[in-house]
Amino acid sequence: MARCDALWHTAVFPNPLPDRPVPYELFIGLRYTRARRSSQFISFVSFISVLCIALGMTVLITVLSVMNGFQREIRTRILGVASHVQLSGGNGKLADWKSVAAEAARHEQVLATAPFVAAQGLLTNGPAVRGVIVRGVLPEQEERVADIGRHMRSGSLGNLKPGEYGVVLGVDLARALGAALGDRVVLVAPQGQVTPAGVIPRLRQLTVVGIFEVDHQEFDSALAFLALEDAQRIFRFGDYVSGVRLKLKDLFQSRPVAREIMEEMGRDIYASDWTMQHANLLRAVQLEKRMMFFVVFLIIVVAAINIVSSLVMVVTEKQADVAILRTLGAASSSIMKIFMIQGTVIGVVGVLLGLLWGISLALNVETVVPFIESLFGFKFFSKDVYVISDVPSEVHAWDVALTALFSFAVTFLATIYPSWRAAKINPAEALRYE
């Protein structure tokens, strides 16, 4: 090995060797990455490998960022109306809600509490009839646990005054009823009145005092807010409420906090968090993100296969060079290092380009997508079909790092087999016809 190093550096570096000379494996591996006339095709295959790795990483980082953006938008729009944690009674009614709220507020994670009454009914306006979920609230407390105030298109949640029977409607619900601010609609409660003529539905005329829009079909088309006392009277709750809603410091701690509060209270109280209430939607988005990762990652796997092909061709072409190095004393491990360095260089260049292109595209998705839509005259996500009509993006450093790590690992593993083949070349066989 020492003789091989000396001969190589004497030929390449005619001047005295530096204190720490460049390893000859690194020098030869880097030199093999440059094309000569006799190996233009091999160089082209290497270029395609770099391009595939870069494009694969670009697509993968962009797709993961878009899925993160969808998760953020869904979470934001859900929490614009929903609470982090919800405490309710075992039979759907909760007595003495003030003591429950005070006890829950003592938890270090709880920022605010608000009581609510939840019920179902029908809203009518002339011939238009729609089923609704009615939520009775105290406006000043409801504003602390949800962001509904930021989504008001007209009116205000504060316009809900006890005894005035005002109602705040979702924008799609108001549109379906043909109701605007100041109009009157009729609420039909399921609790009927028993009369000699039979059971008669209970009706109550309401005045529209606000319209909100959270860009979520479930809420915009079926949710109506009433003052808490008005809802208690209409649905015959008396002094009871359906439950208490909580806002936490860290929304991602909602599940353990809900469990702790339920255990601490030790009474007939059921606690649920926002991830449980919308579990199907959140799990669907998470599953799509994972599946997209594996599908797009196949592009990088194809690029790794190209690396194997190009290195195998290089090994075949360089058999004579390998044989000479072996006769000069190069060990099998050194031969492996030469070709692994060549493949690793291809992988590193592809990963760096992929990081540059991927992060740049992911950070500018919200600009690029509208440009493509205006250029070709179509919408990726139509407002008539999809809940979220824009393409959001949110780059997570962990996703970028994981993508780069997996991509480099695959390209590195792809160099092992060709390099092992090169190390097994028999010098006598390789030089027989040279």
Side-chain angles (χ1 to χ4, degrees), residues 26 28-36 39-70 288-315 317 337-373 375-376 380 391-419:
L26 176 62
I28 299 175
L30 293 176
R31 184 162 183 170
Y32 278 176
T33 59
R34 291 178 291 177
R36 296 184 303 173
S39 58
Q40 287 292 329
F41 179 73
I42 299 175
S43 180
F44 175 75
V45 174
S46 300
F47 171 76
I48 294 298
S49 301
V50 171
L51 187 62
C52 286
I53 294 171
L55 290 177
M57 285 195 59
T58 300
V59 175
L60 190 53
I61 292 173
T62 304
V63 167
L64 292 179
S65 299
V66 170
M67 296 305 295
N68 291 334
F70 275 114
E288 289 176 1
K289 180 180 176 181
R290 292 175 182 173
M291 292 305 299
M292 290 299 296
F293 177 87
F294 288 113
V295 170
V296 179
F297 191 69
L298 292 177
I299 299 176
I300 300 175
V301 174
V302 171
I305 295 174
N306 286 338
I307 293 177
V308 174
S309 303
S310 62
L311 286 181
V312 168
M313 287 187 288
V314 171
V315 169
E317 183 190 23
K337 289 179 183 178
I338 290 172
F339 292 97
M340 290 181 71
I341 288 171
Q342 182 182 359
T344 302
V345 168
I346 295 173
V348 169
V349 173
V351 168
L352 292 178
L353 285 177
L355 286 173
L356 177 63
W357 296 350
I359 295 175
S360 300
L361 182 57
L363 292 175
N364 294 279
V365 163
E366 297 174 357
T367 302
V368 173
V369 170
F371 172 76
I372 296 175
E373 290 177 341
L375 185 64
F376 293 99
F380 284 103
V391 181
S393 177
E394 183 177 358
V395 181
H396 288 177
W398 172 249
D399 288 337
V400 174
L402 193 64
T403 300
L405 180 63
F406 270 92
S407 301
F408 178 76
V410 169
T411 56
F412 179 78
L413 292 175
T415 66
I416 294 178
Y417 173 71
S419 303

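Since this is a predicted model, take the numbers as computed values, not measurements. When a residue number appears, it is its place in the shown sequence, counting from 1.
- Remark: Leu413 CG to Phe408 CZ distance equals 9.5 Å, nearest 0.5 Å.
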Show the numbers, then the answer: is there a side-chain contact (heavy atoms from CB on, under 4.5 Å) between Leu361 and Val368?
-> CA-CA 8 Å; Leu361 182 57; Val368 173; 4.1 Å; yes

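- For Val410, the side chain to side chain contact (heavy atoms under 4.5 Å, CB included) partners two or more places apart in sequence, or in a different chain, are Phe297, Ala304.
- The nearest pair of heavy atoms linking Pro418 to Ala414 is CD-O, 3.4 Å.
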Tell me, with the steps shown, if Phe293 and Leu64 meet side-chain contact (heavy atoms from CB on, under 4.5 Å).
-> CA-CA 7 Å; Phe293 177 87; Leu64 292 179; 3.9 Å; yes

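- Between Lys337 atom NZ and Thr344 atom OG1 the span is 12.5 Å, to the nearest 0.5 Å.
- Residues that satisfy the side chain to side chain contact (heavy atoms under 4.5 Å, CB included) test with Val365, not counting sequence neighbours, are Thr62, Val66, Val369, Val391, Ser393.
- At least one side-chain heavy atom of Ile53 sits under 4.5 Å from a side-chain heavy atom of Thr411.
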Which donor-acceptor pairs under 3.5 Å do side chains of residues 346-357 form with protein atoms, sequence neighbours excluded?
none

Which atom pairs, donor and acceptor, lie under 3.5 Å between side-chain atoms of residues 396-407 and protein residues at least two apart or in another chain?
from	atom 1	to	atom 2	distance (Å)
His396	ND1	Asn68	ND2	3.4
His396	NE2	Glu394	OE2	3.4
Asp399	OD2	Asn68	ND2	2.7
Asp399	OD2	Lys289	NZ	3.4
Thr403	OG1	Asp399	O	2.8
Ser407	OG	Thr403	O	2.7

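- A search for side chain to side chain contact (heavy atoms under 4.5 Å, CB included) contacts involving Leu363 returns Ile359, Val395, not counting sequence neighbours.
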